[in-house]
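Structure record follows, encoded as structure tokens.
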Amino acid sequence: MQSLRELRQVSSAENEFAQMRFVVLSGPSGSGKTTIVPLLIQTCPVRLIKSVSATTRAPRPHEVPGEDYHFLSREEFARRRAAGQFLECAEVHSSGNWYGTLKSEVTRARDVGGCALLEIDVQGARQVIEQCPQALTIFVRTPEGEYERRLRARGTESEKVIQSRLETARRELAQAPAYRYQVVNDDLGRAVAEMSQLIQQWERECDD
Ligand code: ADP
Ligand code: 5GP
């Protein structure tokens, strides 16, 4: 694997974000990303600042605009996309809704001396891996078979939907080797501690 210094040199000319430090958590739906984010922010000695994603989906009752998401109309999302304001964006889960990370979220974190923490789907993470190979990308996965157990235990989906979700999870799992690290979210506290260690180690490598 190339060193962080080499990666920075390769990509810095064409991409202003190539030298910026940020952390990406991704992985299949249900792997625990949303649960992990606040715990990591609370416990990691590196100052992590949650990136507030933009989305075209409607707010849920408890959600606060600007804190949970930047809620945009489809037109506004498309306009910003055409203007090159997104670091990454994707139509997630074939829901018809778009989600994306505004570049301004990453610079906002940097400007206050922190490091943006992105929680995004695997399509978005693939774009980041291609454009910003120095970013710390972590693939969060459940222990073998756990996803299927949780899905079946919930008992809310038909067998057809279960099979379709499992197929999506298999496709997403196949992308795991492209990430810098993979962390198994077995015991929550252990997984968060492992990620915190990885982030601290990466910060030291970036400083070298
Ligand atoms: P994601 O954001 O990746 O879709 P969530 O954070 O919503 O996943 O987690 C999915 C479910 O799994 C939630 O009910 C959450 O409480 C549970 N969960 C998360 N981490 C663990 C863990 N280590 N052990 C058991 N259950 C977990
Ligand atoms: P929800 O609608 O349940 O909040 O999120 C649905 C999915 O969108 C999750 O899998 C989440 O990881 C993904 N997501 C949230 N924000 C972003 C983003 O900025 N970019 C991408 N690519 N996916 C996102």
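In this view, R79 and E76 satisfy the salt bridge (Lys or Arg N to Asp or Glu O under 4.0 Å) rule, not counting sequence neighbours. In this view, S164 satisfies the side chain to side chain contact (heavy atoms under 4.5 Å, CB included) rule with no residue, not counting sequence neighbours. Taking D186 as the reference, R190 meet the salt bridge (Lys or Arg N to Asp or Glu O under 4.0 Å) condition, with sequence neighbours excluded. Residues forming a salt bridge (Lys or Arg N to Asp or Glu O under 4.0 Å) with E67 (at least two apart in sequence, or on another chain): none. Taking F86 as the reference, F77 meet the ring pair (Phe, Tyr, Trp, His ring centres under 6.0 Å) condition, with sequence neighbours excluded. A125 is linked by a side chain to side chain contact (heavy atoms under 4.5 Å, CB included) to V24, S26, I120, Y179, counting only residues two or more places apart in sequence or in another chain. With sequence neighbours left out, the ring pair (Phe, Tyr, Trp, His ring centres under 6.0 Å) criterion links F71 to Y69. Scored by the side chain to side chain contact (heavy atoms under 4.5 Å, CB included) test, L39 finds Q42, L188, V192 as partners (sequence neighbours excluded).
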Are M20 and T107 close enough, and set up right, to give a side-chain contact (heavy atoms from CB on, under 4.5 Å), and what steps lead you there?
-> CA-CA 8 Å; M20 258 185 243; T107 51; 3.8 Å; yes
Going through the distances and angles, do E194 and Y181 end up as a side-chain contact (heavy atoms from CB on, under 4.5 Å)?
-> CA-CA 11 Å; E194 184 182 348; Y181 297 105; over 6 Å; no
Kindly determine whether M195 and N185 satisfy side-chain contact (heavy atoms from CB on, under 4.5 Å), including the steps that lead there.
-> CA-CA 10 Å; M195 289 183 201; N185 178 20; 5.8 Å; no
Given L87 and L118, is the side-chain contact (heavy atoms from CB on, under 4.5 Å) satisfied, shown in steps?
-> CA-CA 11 Å; L87 180 64; L118 282 56; 4.2 Å; yes
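Rounded to the nearest 0.5 angstrom, S196 OG and Q201 CD are separated by 11.5 Å. In this structure, N97 CG and R57 CZ are separated by 7.5 Å, a value rounded to the nearest 0.5 Å. The distance from atom CZ of F22 to atom CD1 of I49, rounded to the nearest 0.5 Å, is 14.5 Å. For the atom pair CD (E157) and CD (Q163), the distance works out to 12.5 Å, reported to the nearest 0.5 Å. We find the CZ-CG distance between R204 and D207 to be 9.5 Å, quoted to the nearest 0.5 Å. Atom CZ of R74 and atom OG1 of T56 lie 4.5 Å apart (nearest 0.5 Å).
Annotation: salt bridge (Lys or Arg N to Asp or Glu O under 4.0 Å) contacts involving residues 90-113, sequence neighbours excluded, comprise E105-R108. For residues 116-140, no residue pair satisfies the salt bridge (Lys or Arg N to Asp or Glu O under 4.0 Å) rule, not counting sequence neighbours. Listed by first then second residue, pairs satisfying side chain to side chain donor-acceptor pair (under 3.5 Å) with a partner in residues 138-148 read R141-Q182, E146-R149, E146-R150, E148-R152, not counting sequence neighbours.
The cluster map of Ile, Leu, Val, Met, Phe, Trp and Tyr, joined by side-chain heavy atoms under 4.5 Å apart, puts V184 and I138 in different clusters. Residues I199 and V140 share a hydrophobic cluster, clusters being chains of Ile/Leu/Val/Met/Phe/Trp/Tyr side chains in contact below 4.5 Å. Placement of V23 and I36 within a single hydrophobic cluster is found when ILVMFWY residues are connected by side-chain heavy-atom separations under 4.5 Å, directly or transitively. Linking Ile, Leu, Val, Met, Phe, Trp and Tyr residues whenever their side-chain heavy atoms come within less than 4.5 Å leaves V128 and V52 in two separate clusters. Side-chain heavy atoms closer than 4.5 Å link hydrophobic residues (I, L, V, M, F, W, Y) into clusters, and following such links, even through other members, never connects L102 to Y99.
Nearest approach of L72 to A54, heavy atoms of both residues: CD1-CB, 3.8 Å. When every heavy atom of A174 is checked against every heavy atom of P177, the shortest pair comes out as O-CD, 3.4 Å. Scanning all heavy atoms of the two residues, the minimum distance from C115 to V46 falls at CB-CG1, 4.4 Å. The shortest heavy-atom contact between L48 and I41 is O-CG2, 3.8 Å. Nearest heavy-atom pair, P133 versus R180, reported as atom, atom and distance to 0.1 Å: O-NH2, 3.2 Å.
In the hydrophobic clustering, where aliphatic and aromatic side chains (Ile, Leu, Val, Met, Phe, Trp, Tyr) are joined below 4.5 Å either directly or transitively, V161 stands alone.
Although no hydrogens or angles enter the test, the distance criterion places no donor-acceptor pair under 3.5 Å between the side chain of W202 and the main chain of A135. A donor-acceptor pair is defined here as one N or O able to donate and one able to accept, closer than 3.5 Å; such a pair exists between the side chain of K33 and the backbone of P28. A donor-acceptor pair is defined here as one N or O able to donate and one able to accept, closer than 3.5 Å; no such pair exists between the side chain of T101 and the backbone of E88.
In this model, no donor atom of one side chain and acceptor atom of the other lie less than 3.5 Å apart for Q127 and Q123. No hydrogens or angles considered: nothing links the side chains of T168 and E172 as a donor-acceptor pair under 3.5 Å.
Considering only heavy atoms from C-beta on, L25 comes within 4.5 Å of L117 through its side chain.
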